[in-house]
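These notes are about the structure you will find just below.
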Amino acid sequence: MSAGPADPRWSDWQPLAGYPAVTAEVLAETVDGGQAFRWHAQPDGTWFGQWSEIVATLRLGADGRVAWRCPAGSETRTAAALATYFGTDADFPALTDALPWRTDAHLARCLRDFPGLRILRQPFGETLLGFLCSATKQIVQIKQMQELLAARHGAPVPGTGGAFRRLPTWPELAACTEAELRACQLGFRARYIWETAQFVAARPDWLRETETLPYPEAKDRLLGLPGVGEKVADCVLLFGAGRLEAFPVDVWILKTLGRRYALDGWKPPQLAQFGRAHFGPLAGLAQQFLFAWERRHG
DNA sequence: AGTAGACCTGGTAT
DNA sequence: GATACCAGGTCTA
C-alpha cells in the first residue's frame, strides 16, 4: 500500500520559489529525517509526499534547486501549500545565523554540514497524529503506520481520481474503534490516539486555538492529552506550529548533548533547560542541526 | 520527588 | 528456523 505517484496526469515541473539550493542529503534530512512521516523516496530519485489534501513530488536539480509537480489542476493551491510547508516566507539564513554558532564550535560544524536545513511547517493536527505514533518507533515504522491510517481511514484527496488518500482527520479518527486503529500497527499507541480523538473531536476549536496560543500555554494543553509528554508536545509545536523555541529532547539529543557538550548523565528535563539557556529562543532550530549531525556522524 | 516496568509489535541480530 | 532484543516515549505503581 505504498503511496506512490503511480497515477494520472501531473503538472509541469516548477521551481520551488524561495527555497535555497541544497544537497540531496539535506533535502532528505528535511523531509525524511523525522520531522514528517509521509515523504517517500522514489526509485527515480524524486520524493513523493502528502499532507492535508496536498499531493506533490519533489525533484532535486543538478544545481541543487528543488522543483515540484502535483496532480494536474491543483497547481495553484499546491504552490501556496508548499510555500507554507517549507516556510519560504521565513528568513532561515538569518534565523540560523542568529544561533550561537560563533561561540559553539560543535554547533558551527553542524550548521556547516547541513546548509539549508530548516524546520517544516506542517498541519498541526497531522503533526500531532504523527508524533503520537512515534513513541519507541523508528521513522520507517512510523511512516508505515501513517500510510495504513490514510489507506484505511482517510478520505480520497479530491480531484485526483481517488488515487491518493489523506490522513484521517481527528473526527474521522474518533469514529474509528480502538481495534481498527490497533490494526494499523499502532500497538499501545492506539489507545492514546483513540482517547485523544475523543477529546479533540468533542472540541472543534481546541486544536486551532492550541496552535495559536503562546508556547507555554500551548504546551500545557498538549501535555494534557493521553500519550503526549514533553518530547511529543515539543515536536508538535516545533514541526507543526513553527514554535522554534520548542526543544524536543529525544534519545539523539540526549546522546549528542552528552557526547559533544559533556553533559553525560543529565536527565531530559535538565537537558531541556540547558538547551533553552544555551541555544536561546531558536533552540528548536539548533536542535534540528544537532539531531541531523548526530544521526549522520554519531 | 525520582525511578524501574509495562505497554504493542515488526524488524533485526544472534 | 526459533528466540531474544530493541525501537526518535509515556504512564503508573
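Labels below follow one simple rule: chain letters A, B, ... track the order of the sequence lines, proteins then strands, and each chain is numbered from 1. Small disclaimer: the values here were computed from a predicted structure and weren't measured. The analysis underlying the following values was restricted to heavy atoms, covering all of them including side chains, and did not include hydrogens, waters or symmetry mates.
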Do the rings of A:F48 and A:F164 sit parallel, tilted or perpendicular, given the 30° and 60° boundaries?
tilted

So does A:D44 pair up with A:R59, basic N to acidic O under 4.0 Å?
no

Kindly give the atom pairs (protein nitrogen or oxygen, nucleotide nitrogen or oxygen) under 3.5 Å for nucleotides 11-13 of chain C.
from: C:dC11; atom 1: OP1; to: A:G227; atom 2: N; distance (Å): 3.0

Whether A:R65 side chain and A:P15 backbone form a donor-acceptor pair below 3.5 Å:
no

Whole-angstrom distance between B:dC8 and C:dA13, as gauged at atom P:
15 Å

Measure across A:T78 and A:A56 and return the closest heavy-atom pair with its distance rounded to 0.1 Å.
CG2-CB, 4.4 Å

Between the protein and nucleotides 10-14 of chain B, which nitrogen or oxygen pairs come in under 3.5 angstrom?
none

Within the stacking criterion (centroid distance below 5.5 Å, interplanar angle below 30°), does A:F188 stack on B:dC7?
yes

Would you compute the distance between atom OG1 of A:T46 and atom CG of A:L58 and round it to the nearest 0.5 angstrom?
8.5 Å

What pairs of donor and acceptor atoms, side-chain ones from residues 204-211 of chain A against any protein atom, are under 3.5 angstrom apart with sequence neighbours left out?
from: A:D205; atom 1: OD1; to: A:R208; atom 2: NH2; distance (Å): 3.1
from: A:E209; atom 1: OE1; to: A:R221; atom 2: NH2; distance (Å): 3.3
from: A:T210; atom 1: OG1; to: A:W206; atom 2: O; distance (Å): 2.6
from: A:T210; atom 1: OG1; to: A:R221; atom 2: NE; distance (Å): 3.0
from: A:T210; atom 1: OG1; to: A:R221; atom 2: NH2; distance (Å): 3.3
from: A:E211; atom 1: OE2; to: A:R121; atom 2: NH2; distance (Å): 2.8

Return all side-chain donor-acceptor pairs below 3.5 angstrom for residues 261-268 of chain A, not counting sequence neighbours, or 'none' if the list is empty.
from: A:Y261; atom 1: OH; to: A:D104; atom 2: OD1; distance (Å): 3.2
from: A:Y261; atom 1: OH; to: A:D104; atom 2: OD2; distance (Å): 2.8

Neighbours of DNA chain C within residues 23-35 of chain A, by heavy-atom distance under 4.0 Å:
A:G33, A:G34

A:R189 has an atom CZ; how far is it from atom C1' of C:dT10, in whole Å?
10 Å

Residue pairs fulfilling side chain to side chain donor-acceptor pair (under 3.5 Å) with at least one residue in residues 111-120 of chain A, sequence neighbours excluded
A:D113-A:W293

Let me know the distance between CG of A:L132 and C1' of C:dT10, rounded to the nearest Å.
10 Å

Do A:Q50 and A:R38 have side-chain N/O donor and acceptor atoms under 3.5 Å apart?
yes

Qualifying salt bridge (Lys or Arg N to Asp or Glu O under 4.0 Å) pairs with a residue from residues 232-247 of chain A, counting only residues at least two apart or across chains
A:K219-A:D234

Could you tell me which non-hydrogen atom of A:Q35 sits nearest to which non-hydrogen atom of A:T30, and how far apart they are?
NE2-O, 3.7 Å

Does the B:dC8 base have a donor-acceptor partner in the side chain of A:R182 within less than 3.5 Å?
no

Minimum heavy-atom distance between A:C235 and A:P248, given as atom pair plus value
SG-CB, 3.7 Å

Can you sort out which residues in residues 264-275 of chain A have a heavy atom within less than 4.0 Å of DNA chain C? Ascending by number, please.
none

Residues passing the side chain to side chain donor-acceptor pair (under 3.5 Å) test with A:T23, sequence neighbours excluded, are none

Nucleotide C:dG9, atom P - distance to CG of A:D234 in whole Å:
14 Å

Nearest-Å distance, NZ (A:K231) to P (C:dA7)?
14 Å

Salt bridge present between A:K255 and A:D250 (N-O < 4.0 angstrom)
no

Check DNA chain C against residues 106-130 of chain A and give the residues with a non-hydrogen atom under 4.0 Å, in numerical order.
none

For the backbone of A:C70 and the side chain of A:E75, can you confirm whether one donor and one acceptor N or O come within less than 3.5 Å of each other?
no

Can you tell me the distance, in whole Å, between the CD1 atom of A:I142 and the P atom of C:dT10?
12 Å

Non-neighbouring partners of A:Q273 that pass side chain to side chain contact (heavy atoms under 4.5 Å, CB included), sequence neighbours left out:
A:R276

NA contact type, A:I139, heavy-atom cut-off 4.0 Å: base, sugar-phosphate, or nothing?
base

Any non-hydrogen side-chain atom of A:F239 less than 4.5 Å from a side-chain atom of A:L120?
no

Distance between C1' atoms of B:dG5 and C:dC5 (Å, rounded):
16 Å

Backbone N or O of A:W252 within a donor-acceptor pair of the A:T256 side chain at under 3.5 Å?
no

Could you spell out the base pairing of DNA chain B as a dot-bracket line? Use Watson-Crick and G-U wobble contacts where both distances are under 3.5 Å, [ ] for crossing pairs, | for partners on a different strand.
..|||||.||||||

Which value, rounded to the nearest 0.5 Å, describes the distance between A:E294 atom CD and A:R296 atom CZ?
12.5 Å

